[in-house]
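What you see is a predicted model; the values in this text were computed from it and never measured. Below, read A as the first sequence line, B as the second, and so on, with proteins coming before strands; counting in each chain starts at 1.
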Amino acid sequence: MSRIGVFVCHCGENIGATVDCKKVAELSAGLHGVVHSVDYKYMCSDPGQTMIKDAIKEKKLDGIVVAACSPRMHEPTFRKAAQESGLNAFLCEMANLREHCSWVHLKDDSTTEKAFELIHMLVEKVKKNKPLFPIKVPVTKTALVLGGGIAGIQSALDIANSGHQVILVEKDPSIGGHMAQLSETFPTLDCSQCILTPRMVEVAQHPNIKLITYAELEAVEGFVGNFKVKIRQKAKSVDEKICNGCGDCTTKCPIKKIPDEFNAGMGYRAAIYVPFPQAVPNKPVIDRAHCTWYLKGGKCGLCEKVCPTGAINYQQEDEILTFEVGAIVAATGFDIKGTDFFPEYGYGKYKNVINGLQFERLASASGPTLGEMKRPSDGKTPETIVFIACAGSRDSAKGIDYCSKICCMYTAKHAMLYKHKVHSGKAYVFYMDIRAGGKNYEEFVRRAIEEDDVSYVRGRVSKIYERNGKLIVKGVDTLLNSMPMEIEADMVVLATAVVANHDSEQIAQKMHISYDAYHFFAEAHPKLKPVETNTAGIMLAGACQAPKDIPESVSQGSGAASKVSCLFSQDVLTREPLIAEVNRSAPPLYSTCVGCFLCQSVCPYMAIETEEIRMRDGSLIKEVARINPGLCQGCGTCVALCRSKSIDIHGYTHQQIFSEVVALFNRREEYETV
Amino acid sequence: MTVLARVSELLDSQQINLFIGYTQKGSICPLFLKESDQVDKLIFNEDCLQNLVPYLNKHEVQSFGKIGIFCTFSALRSLLQLKSEKRFSNLSIIPFLVISDDEFVEFGSYEEIESYIEKNFKKGDDNVQEMIDKINLMSTEEKWEFWTNELTGCIKCYACRSACPMCYCDKCSVEINNPQWVPTASHSQGNLEWHVMRAMHLAGRCVNCNECFRACPMDIPLNLLTSKINADMEVAFGQIPGTKLKLDYAMSCYKFDDKDNFIR
């Protein structure tokens, strides 16, 4: 005979205003097996918890149902309260009267009825609950940081400085990311590389950081504290240990007309190259897609001939490196749309229409023009320049509804940089709104407008076309009675939308983390867990989550590092025991599993192993599935797939779910009799 | 050499301990040969349609260890599918595909079966396709009525399950009674739930041998359910069950290029 307690929470007005909590508690008191049922304004408050604890002791309850908010919020609170009064934590269940009932329905009798039904289901479930005990797992105190941009660098340094080992993986030949490409940074106009490169060097020199560049994530297995990651080290074709970084190979390489990724296609590089002079590591790689040796079957070989140390190795192959890590920080960064995304602005066919990143390279002292303002088509100094903000962003017709966040600020910066270099020039900025929320940001924009005489025009540009070597920009000034405007510009800079990396979806799937409709990685909670993902042990840093500027990326990098350090501060992790198990049913220990192992391929955590059942003479009766309790995350996919219903999940057994469903089936009768 | 001579040879030399074939006793029925002296009772003609592979799932049959068996084309597919699902790990099987008395294919390995199926693949029964096309044209209500009518006749004898090569669970989930998810009684709701569950369990695994239909004493066209699901899965995932030795089961394997246009 069960002795169940029901505790109905008003959650202030959240539940109480819509659901008749008192009536629900009275109805619940009449349910079979319920010996105690009360309602209270805030169950999660100290007096509320005390009520629960006292009732468990006084009424000798063997199961409780707290009807309140989502278990995501307060399940730990109530489980702890149960545990403290001697009831196993897993004999406490929560009925979600808030998100599943009061918030989504109007005040009505049927809403109260639904609240009661939710409790009824959980009462029937909790009767079938069994005491469960947390699982303890060890922690590998090494972190993997994916991505060597500023967010990843910050994260890696902070984790390393707190005494833990870090493996930093970067897909490009050098760390630095987009920040290394920037000329100056807002709102201070200090040189981007000048503040970034010391951090890059620190990474390279740090004894706790193992830097792996030109490498990509191949696979992630395991779980928090115990991940096993595979990294594909792409073949650099240069032996890093022997190479002394003299650079002879890059200057002698005959293939020199390859659009340079670091210069956003504004300059050229050779087939063997170091992305930029301050690269870390400063060792070249061979771009096999363009190198003659690979394209023409062993011809050329010039770099090998000039290399003084014999570091060139054309036969080098991709290598799969395996590491055991306890936590992962995803800091894979972002991309921006190219000018070819905009039919109205010429589909990318006008050389003098460039995007923000290309402008950064034009303005940068390390760029293809050495910082001189020269337009791409003919190298002339542009006398009139137009900046277009929100190119793609906030435009549902383009499929990008969100604000790219950084463009208002960098467009102001671009206009200022231009004015500082071309004093006689005229700069226009077309904008929708100026979003300059941030420390010293508004002042920065005002400086561009007031001190540097940048003309801000509130309006959109409908079309750009070429006429006599000029770009005709047709727009509208909405603050001047929507007056149509036509500007003859020498160069146009589009602040194109910040988008997720093209492969972010695959990376998310490899890590088993969720992502949003725009393929940015999803945080566990938009407000309270902005750094964690829904997969324990995997954190986010930087613009892989959403568009972010440098200070935000750095903050989140540090935030992720602190989450990792918290995790690593313990020697043993306790995990919830809500995991799957292949059953052994009556008659004693009979396995109904037939060993089809279809569950093995469906399991996202590789938790399903093979177990042999043998006769006493040692001959094999059958092979059945066994679930590794350390790896299982309790997702339940195997349970759903198993044809013979041989797998059950603790805390959500077939019996428990069945009881809930049956309670709902038979609800009407019960409700009317009570 | 005729196929019968080859079977005798295998039995005599104890390369196999059991041969499963067909014989005629009034109607065509299976014959289990332990010795070669009765080999002349074996027959093979166009009426020998039954898929004999389900017998290989039986523990009693498996105890013979080394077994020869007559296979139709779809039976060969079921053999391959079962192997991919880790069946027959301690069984050596020699399947025969008989074309005429002295023309037959003897398979030495599962790889040979795989390549034979690939080279000689033929789509299932035209009659089945015709029926599926007909049902596809029905409205939802007409489909519901069609299946309610058909399934009302089910007497829950589970002949479909026994005849199916892919139904090899020791305990069928309909017999799991704690809790009893699917009612065992032969009323319309119970019948519907049982057959829908069985069809789902065969999704992407059915080899179109039509044995369920042939075995059904009430002539319920159960093969239409699984054939239709298979056809849909072929369109969605490009997979045909029983054609690959390596398990590639659409219902349990996620791939980056999987279509997700069915999620709405």
Examine Phe520(A) together with Phe334(A) and report whether their ring centres are nearer than 6.0 Å.
no
For the residue pair Lys128(A) and Phe658(A), would you count it as a cation-pi contact if the rule is NZ or CZ under 6.0 angstrom from the ring centre and within 45 degrees of the ring axis?
no
Report all side-chain donor-acceptor pairs from residues 64-72 of chain B shorter than 3.5 Å, counting only partners two or more places apart or in another chain.
unit_1, atom_1, unit_2, atom_2, d
Lys66(B), NZ, Gln14(B), O, 3.3
Thr72(B), OG1, Ala75(B), N, 3.2

Which bit of Glu175(B) is near chain A, if near means a heavy-atom gap under 4.5 Å: side chain, backbone, both or neither?
neither
Region of Arg198(B) that comes under 4.5 Å of a non-hydrogen atom in chain A:
neither
Heavy-atom closest pair, residues Trp181(B) and Lys645(A):
CD1-CE, 3.6 Å
Would you say the side chain of [Y] lies within less than 4.5 Å of the side chain of [X], judging by non-hydrogen atoms?
| X | Y | answer |
| --- | --- | --- |
| Ile608(A) | Asn628(A) | no |
| Trp144(B) | Leu192(B) | yes |
| Asp648(A) | Glu581(A) | no |

Where does Leu641(A) contact chain B at under 4.5 Å (heavy atoms): side chain, backbone, both or neither?
side chain
Which bit of Glu623(A) is near chain B, if near means a heavy-atom gap under 4.5 Å: side chain, backbone, both or neither?
neither
Going by residue number, which parts of residues 161-173 of chain B are within reach of chain A, meaning a heavy-atom gap below 4.5 Å?
Tyr168(B), Cys169(B), Asp170(B), Lys171(B), Ser173(B)
Ranked by heavy-atom pairs below 4.5 Å to chain A, first place among Met197(B), Met200(B), Gln62(B), Gln180(B) goes to Gln180(B)
Give a yes or no on whether the backbone of His512(A) and the side-chain of Thr535(A) come within a donor-acceptor separation of less than 3.5 Å.
yes
